[in-house]
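Heads up: the structure comes next, in structure tokens.
In this text the structure is predicted, and so the values were computed from the model without any measurement. Naming: A, B, ... by sequence-line order, numbering from 1 per chain.
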Amino acid sequence: CSEHKSCSEKKHREKEKEKERLKHKEKQKEEKVDLIVPYHRVTKYNELNISLSIKVEEDTGYHHPIKHEKALKRERDEDDRYEHKPKKVKVDNEKKVKKRKQEEDDGGFEEREKPKKRTKEVKKDTTGGKKKAKNEPEEKWKWWEEEKCTDGSKWRFLEHKGPVFPPPYEPLPDRVRFHYDGKAMKLSPGAEEVATFYAKMLDHEYTTKDIFRKNFFKDWRKEMTSEEKSKITELKKCDFTEMHEYFKAQSEARKQMSKEEKQKIKEENERILQEYGYCVMDNHRERIGNFRIEPPGLFRGRGDHPKMGKLKRRIRPEDIIINCSKDSVHPKAPPGTRWKEVRHDNKVTWLVSWTEKIQGSIKYIMLNPSSRIKGEKDWQKYETARRLKKIVERIRAQYREDWRSKEMRIRQRAVALYFIDKLALRAGNEKDEGETADTVGCCSLRVEHIRLHPQMDGQDYVVELDFPGKDSIRYYNKVSVEKRVFKNLQLFLENKQAKDDLFDRLNTSILNKHLQELMDGLTAKVFRTYNASITLQQQLKELTSSDDNIPEKILSYNRANRAVAVLCNHQRAPPKTFEKSMHNLQTKIDEKKKQLSAAKKELKAAKADAKTLRDEKSKRVVETKKKAVQRISEQLMKLEVQATDREENKQIALGTSKLNYLDPRISVAWCKKLGVPIEKIYNKTQREKFAWAIDMTDEDFEF
DNA sequence: TATTTAACTTAGGAAGCCCTCA
DNA sequence: TGAGGGCTTCCTAAGTTAAATA
């Protein structure tokens, strides 16, 4: 149809324009401008004896989703275009699935699964990995234009080379000695290896922590010979400094290597990447995310983790489960070893798994975020969040209604959901006490994490939340809530001790079951995705104008991104070099100021000369000096913005929300609409991860 | 129904690469 | 050219959720 035609023409023009832009952009210097949003200052919970007194200075306005009403604009018909509903070719009924399973078990898969040739297919590399030149982009597979399998299987063919193991332990040279109680002592290889793990961490704060030291020493002793065990009885008498120095020198030497040596290592790494870093999944060569087995070392739990310092043992082939197609060339175990198991389960996405012995959890090797299998899931996640958008007002109406329920469990569920929606809290599963750090989320909040203030700072019904969240990152927020929520919270707190659960009639399983009834696929975390994405979209609309220049537009983008990071409480520890780099920047600013005043003086003098001499030459000098003043002023302004910006971003991490919570199509549409090159927003890796969004999104996309 | 396990996503720290500037 | 520092990538811990099991 003509409409369709004009649509595709538009798309084509847009693509041409984009190509043009891209040519120029590669060389353009990326100008990074962030913005300053006030945020609640938060630190790691375990560092915060004093920080309880650090209060929010200002209401950021971002601790609740901003103006949802505005976002609830009429749905656009063409939205369907973006929906994650790939044409359903085969809707398998149960019988078919069973039959297929049977076929697979019988090896019946083989015939069907011989890789077929396709135009865009990236063929398996059989040449040992020599690839095209870096700059020559391969034709990328547009999996998002293909039909999705709907029978629950994740792949039909999977072949890979298995994991890469860390190199075996290399004993220390004899000159590097361990001292016990002032005396040099040669350790047995097993005990020595574990000692090196500790020695390498000597500069780290971990080694000052009692739990870490205690756990390490206990596990280390298990590796000692009986003779060593009887001699080495106290950690404080152990002196690892020689070993520590040795490793420092080694890493220094690595830095000092010649260009050629470094190049050689790089090439070797590239070879390993080409050999082990890719798999073939359903006719396509896909990048693996983490193909290396975790090396042995000491467990570094976050926060006050009761198991920090315990020994993470070396993983052997006998611990490894391989997952691949029956009809693929199976990965070979290293000579003289065998895998624990080789299985062919196409209902899961992992290639390799093993059980780690500290927490007893399973670790996996899976594909890279740019892969089809991850991308499809990501896309689907944002589609679920968009479905939530359509009914979120109804859900809000219902939980508000439920605040008045006769049943306590319903009230608790409704207040918890309100928190999850308004404050973007995580679900908050129960955790094993003593096995993990004491952290909480919404459903696991305790009395001690919340304080109620009928009045505070001129606001009514203020709830003060202060708890250690995921990764023991402190969540601190004061938020004014509705009266009914406040009254309910008072009720929930009645007759409870500090350590009691706030929501004693609720857990994540109950909450998610309820959510599932409200919308297919709805869980607590969907609210985080939804609120993050809708906040970005609204902020972008509010902050950007097409009249802005590119740096201004990028500034606005970063502002919007920061609003989301604040909402989601994405923090980082201030960089170690932060003070220093701020100091350096300040020095630069001071110098620039001096430069500016000197330039101004020169301009003044030149003007005076021009006045007396009244000739062309001195007039030209005035012009030059004027330009110099202007240039230096601009440079100074830039530096000052950079300084404020860096200060404000000290504790905020923008990456996590960008990578995991913000529908990339919002950003792509924004870039296209405002003529901002996508490279300003996403780096190469991010562009690879979001290739689907970059390819399919028009400027008029609405989340 | 409660608990455990498996699978997968989300997360911040650190290493190391690479760009900038003197 | 080399130091400094910012940015990217890697690493792996710590969450969520659904399915399996008791």
Just to be sure I understand the rule, does [X] reach a base, reach only the sugar-phosphate, or reach nothing, if contact means heavy atoms closer than 4.0 Å?
{"X": "Glu356(A)", "answer": "nothing"}
{"X": "Gly655(A)", "answer": "nothing"}
{"X": "Gly360(A)", "answer": "nothing"}
{"X": "Gln516(A)", "answer": "sugar-phosphate"}
{"X": "Pro295(A)", "answer": "sugar-phosphate"}
{"X": "Lys312(A)", "answer": "sugar-phosphate"}
{"X": "Asn429(A)", "answer": "base"}
{"X": "Thr439(A)", "answer": "sugar-phosphate"}
{"X": "Arg287(A)", "answer": "sugar-phosphate"}
{"X": "Tyr364(A)", "answer": "base"}
{"X": "Thr508(A)", "answer": "nothing"}
{"X": "Lys307(A)", "answer": "nothing"}
{"X": "Lys381(A)", "answer": "sugar-phosphate"}

Tell me yes or no: between the side chains of [X] and [Y], is some donor less than 3.5 Å from an acceptor?
{"X": "Gln380(A)", "Y": "Glu376(A)", "answer": "no"}
{"X": "Tyr557(A)", "Y": "Ser667(A)", "answer": "yes"}
{"X": "Ser472(A)", "Y": "Asp304(A)", "answer": "no"}

For the pair made of [atom1] in [X] and [atom2] in [N], what is the distance, rounded to whole Å?
{"X": "Leu659(A)", "N": "dC7(C)", "atom1": "CG", "atom2": "P", "answer": "16 Å"}
{"X": "Asn683(A)", "N": "dG6(C)", "atom1": "CG", "atom2": "P", "answer": "17 Å"}
{"X": "Ile420(A)", "N": "dT16(C)", "atom1": "CD1", "atom2": "C1'", "answer": "11 Å"}
{"X": "Leu298(A)", "N": "dA13(C)", "atom1": "CG", "atom2": "P", "answer": "11 Å"}
{"X": "Lys248(A)", "N": "dA15(B)", "atom1": "NZ", "atom2": "C1'", "answer": "16 Å"}
{"X": "Arg300(A)", "N": "dA14(C)", "atom1": "CZ", "atom2": "P", "answer": "12 Å"}
{"X": "Met308(A)", "N": "dT12(C)", "atom1": "CE", "atom2": "C1'", "answer": "16 Å"}
{"X": "Ile365(A)", "N": "dC11(C)", "atom1": "CD1", "atom2": "P", "answer": "11 Å"}

Report yes if at least one side-chain N or O of [X] is closer than 4.0 Å to OP1 or OP2 of [N]; otherwise report no.
{"X": "Lys684(A)", "N": "dT8(C)", "result": "no"}
{"X": "Asn512(A)", "N": "dT17(C)", "result": "yes"}
{"X": "His570(A)", "N": "dA11(B)", "result": "yes"}
{"X": "Lys266(A)", "N": "dC18(B)", "result": "yes"}
{"X": "Ser361(A)", "N": "dA6(B)", "result": "no"}
{"X": "Asn660(A)", "N": "dT9(B)", "result": "no"}
{"X": "Arg528(A)", "N": "dA11(B)", "result": "yes"}
{"X": "Lys374(A)", "N": "dT9(B)", "result": "yes"}

Check your understanding: Is a donor on one side and an acceptor on the other found under 3.5 Å between the side chain of Arg572(A) and the backbone of Lys650(A)?
Key -> yes

Exercise for review: Report yes if a donor N or O on one partner sits less than 3.5 Å from an acceptor N or O on the other, where the partners are the side chain of Lys525(A) and the base of dT9(B); otherwise report no.
Suggested key: no

Among [options], which nucleotide sits nearest the side chain of [X]?
{"X": "Met366(A)", "options": "dA14(C), dT8(C), dC8(B)", "result": "dC8(B)"}
{"X": "Lys377(A)", "options": "dG15(C), dC8(B), dC11(C)", "result": "dC8(B)"}
{"X": "Thr523(A)", "options": "dA7(B), dC8(B), dA18(C)", "result": "dA18(C)"}
{"X": "Arg292(A)", "options": "dA7(B), dC11(C), dT10(B)", "result": "dC11(C)"}
{"X": "Lys363(A)", "options": "dA13(C), dT8(C), dG13(B)", "result": "dA13(C)"}
{"X": "His204(A)", "options": "dA14(B), dT12(C), dC8(B)", "result": "dA14(B)"}
{"X": "Ala524(A)", "options": "dT17(C), dA11(B), dA7(B)", "result": "dT17(C)"}
{"X": "Thr656(A)", "options": "dA11(B), dA14(C), dC8(B)", "result": "dA11(B)"}
{"X": "Arg426(A)", "options": "dC8(B), dT16(C), dG12(B)", "result": "dT16(C)"}

Should the ring pair [X] and [Y] be called parallel, tilted or perpendicular, given that the plane angle runs from 0 to 90° and is split at 30 and 60?
{"X": "Phe467(A)", "Y": "His449(A)", "result": "perpendicular"}
{"X": "Tyr206(A)", "Y": "His204(A)", "result": "parallel"}
{"X": "Phe212(A)", "Y": "Tyr198(A)", "result": "tilted"}

Check your understanding: Mapping Asn368(A) and Gln359(A) to their closest nucleotides on DNA chain C, which lands nearer the 5' end?
Key -> Asn368(A)

Point to revise | 5′-ward residue of the pair Arg343(A)/Tyr206(A) relative to DNA chain B | key: Arg343(A)

Point to revise | Aromatic Phe247(A) / basic Lys200(A) pairing, under 6.0 angstrom, 45° off normal | key: yes

